[in-house]
Amino acid sequence: MLKIVGIDHIVLRTGKLEAMLHFYCEVLGCTLERETEPELGLVQVRAGNALIDLVTLDSKLGRMGGGAPTQGDNNLDHFCLQIEPLSEEEICAHLQAHKIAFGKFAERYGAEGFGRSLYIKDPEDNTVELRTRRLG
């Protein structure tokens with residue numbers, strides 16, 4: 001059985017990176033955590049024990065998410081749930097038992113640093129990343 005321990009991060013797509021950084025850092029008090037190379041287009045800000053990932057629309061990651069956010073098109077790319085430590089095999093078996101399709105585990109950066117995660121879809125086709133807490 002999976003046990004959620006918190007939200008690790010959310011990913012917001014933006015065409016207004018400077019305004020978003022001002023809002024989240026200056027207005028809401030988040031701090032700049034990490035910036036990737038510009039062509040990848042990812043800036044991460046610390047929000048308590050979680051991260052808010054800002055992805056620029058014209059970057060490699062941003063283009064993967066489709067067009068710009070509009071009144072009718074959402075800008076949430078995915079959200080990540082952190083789960084209690086389980087082996088990758090146990091997680092995959094659990095998802096298979098519930099007939100949930102899933103991708104491959106990969107090393108990704110989140111609120112607690114680098115760790116292993118995979119992606120699934122909820123019934124509304126929202127992308128949910130499941131991230132295991134590191135053992136020890």
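Just so you know, these numbers come straight off a predicted model, no measurement behind them.
Taking CG of Asp8 as the start and CZ of Arg108 as the end, the distance is 11.5 Å to the nearest 0.5 Å. The line from CZ of Phe105 to OG1 of Thr132 is 6.0 Å long, rounded to the nearest 0.5 Å. Taking NE2 of His94 as the start and CD1 of Ile83 as the end, the distance is 8.5 Å to the nearest 0.5 Å.
Closest approach of Leu32 and Cys25 over heavy atoms only: N-SG, 4.2 Å. Summarising the geometry of Lys16 relative to Thr14, their closest heavy-atom pair is N-OG1, 2.8 Å, with the distance given to 0.1 Å. Minimum interatomic distance between Ser59 and Gly41 (heavy atoms only, all atoms of both residues): CB-CA, 3.3 Å.
Both Leu28 and Ile7 belong to a common hydrophobic cluster when Ile, Leu, Val, Met, Phe, Trp and Tyr are linked at side-chain heavy-atom distances under 4.5 angstrom. Taken together through direct or relayed side-chain contacts under 4.5 Å among Ile, Leu, Val, Met, Phe, Trp and Tyr, Tyr24 and Val27 form part of one hydrophobic cluster. Under the 4.5 Å side-chain contact rule for hydrophobic residues, Leu2 and Leu118 share a cluster. Both Phe79 and Ile4 are part of a single hydrophobic cluster, where members link through side-chain heavy atoms under 4.5 Å apart.
A salt bridge (Lys or Arg N to Asp or Glu O under 4.0 Å) check over residues 56-65, counting only residues at least two apart or in different chains, returns nothing.
Of the candidates Thr127, Leu81, Ile91, Ile100, Ile100 is the only one forming a side-chain contact (heavy atoms from CB on, under 4.5 Å) with Ile120. Applying side-chain hydrogen bond (donor to acceptor under 3.5 Å, both in side chains) to Gln44 and the options His9, Arg34, Glu33 leaves one that passes, Arg34.
No donor-acceptor pair closer than 3.5 Å links the side chain of Glu26 to the backbone N or O of Phe23.
With sequence neighbours excluded, the residues satisfying ring-ring contact (aromatic ring centres under 6.0 Å, His included) with Tyr119 are His78.
Using a 4.5 Å heavy-atom threshold, the side chains of Ile10 and Asp53 count as separate. Looking at Met20 and Leu12, their side chains come closer than 4.5 Å, going by heavy atoms from C-beta outward. Counting heavy atoms from C-beta on, the side chains of Leu54 and Leu21 come closer than 4.5 Å. Side-chain contact between Arg116 and Arg131 is absent, with no heavy atoms from C-beta onward closer than 4.5 Å. When side chains are defined from C-beta on, Arg46 does not count as touching Cys30, because their heavy atoms never get closer than 4.5 Å.
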Trace of the side chain to side chain contact (heavy atoms under 4.5 Å, CB included) decision for Leu61 with Thr56: CA-CA 8 Å; Leu61 287 176; Thr56 55; over 6 Å; no
